[in-house]
Amino acid sequence: MTRHVFAGWDGSIAGARALQERLAARVVLEDRVPAAPRTIAGFDVGFEDEGHTTRAAAVLLEGTSLQLIASTVQRVPTSMPYVPGLLSFRELPALVQALEFLPQVPDLVVVDGQGIAHPRRLGIAAHFGVVTGLPTLGVAKQVLCGRFEAPGPQPGEHTPLIHRGEQIGWALRSKLRCNPLIVSPGFGMTMDGALAWTRALLRGYRLPEPTRLADRLASRRGPMPDDTPQLPLA
DNA sequence: GCGACAG
DNA sequence: ATCTTGTCGC
């Protein structure tokens, strides 16, 4: 499975970075998000067994009410250590498996991590989009690269995230007295769309609903949804 | 060379 | 990410 997700990767660190540069050229930053998404999914990853097991959680929400429709938790053996800038090589295989176990393909995907706000413009959300072709949005709790002025204290206030003279994302104050979120388009979305969608998916918490719910599942917190029988789609 | 460094 | 209770501040 991993060899299909990372086709052409020789397994080395240098090879991973080279692959990122090739895939980054395939990132589409034009709007491909349906006007009214029927479903929106949230993805996040957690670990068990001292990190030996990677646990990916995916939640499927109704597009307008953001009510939970379905969810899945998939476990796969951890294959790589965490290397700053190469997060997708560690977590993407589990995320793709979780996508395959959702009852239907979502119209929009929100991933916990960077979109193009990455040294080579291929954070895990962008990589996820290039691999699946689905519109994706990256919402991270911390910055990986780039600088930004602190956004004002009011929810909704935002400032551009700049790296090497270009805007790669936004710092968004999603909630009063909380550190800003770092948001950036992943695939099939514009820079402005990333900001607008993140704001539209907030429901009073620091994290947008899709990511917030996936986070609770991946980290084994909060009420766990009923496990509907799991069978892969395709 | 030194510091930074998603999860 | 994960190990972990109470605690300070709003």
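The chains referred to below are lettered A, B, ... by the order of the sequence lines, with proteins before strands, and numbering in each begins at 1. In this text, all values refer to a predicted model and were calculated from it rather than measured experimentally.
Put simply, CG on A/L217 is 16 Å from C1' on C/dA1, counting in whole angstrom units. Distance CZ (A/F128) to C1' (B/dG7): 16 Å, rounded to an integer number of Å. Rounded to a whole Å, the CZ atom of A/F148 is 13 Å from the P atom of B/dA6. Atom CG in A/L86 sits about 18 Å away from atom P in C/dA1, given to the nearest Å. Rounded to an integer number of Å, the gap from A/D112 CG to C/dA1 P is 7 Å. One can place CD of A/Q142 at 12 Å from C1' of B/dA4, the figure rounded to the nearest angstrom. Regarding A/H52, its NE2 atom lies at a distance of 15 Å from the P atom of C/dT2, rounded to whole Å. Between A/L144 atom CG and B/dA4 atom C1' the separation is 9 Å, expressed in whole Å.
Nearest to the side chain of A/E91, among C/dC10, B/dG7, B/dA6, sits B/dG7.
A/G85 comes within 4.0 angstrom of a nucleotide base, judged by non-hydrogen atoms across all strands. Using a 4.0 Å heavy-atom distance criterion, A/I124 is classed as a base contact. Nucleic acid contact class of A/G123 (heavy atoms, under 4.0 Å, all strands): base. Nucleic acid contact for A/V83: none, since no nucleic acid atom lies under 4.0 Å from a heavy atom of the residue.
At distances below 3.5 Å, not a single donor-acceptor pair connects side-chain atoms of A/Q114 with backbone N or O atoms of A/I116.
Here A/H127 and A/F187 keep their ring centres 6.0 angstrom or further from each other. The six-membered or imidazole ring of A/F148 lies away from that of A/W170, with a centre-to-centre distance of 6.0 Å or more.
Taking the 5.5 Å centre cut-off and the 30° plane limit, the aromatic side chain of A/Y82 is classed as stacked on B/dG7.
If you chain together hydrophobic residues whose side chains sit under 4.5 Å apart, A/L201 and A/I182 never meet in one group.
The side chain of A/R55 contributes an N or O atom lying less than 4.0 Å from OP1 or OP2 of C/dT2.
Counting heavy atoms of neighbouring residues, nucleotides and ligands inside a 6.0 Å radius, atom CD of A/Q142 does not exceed 12 of them.
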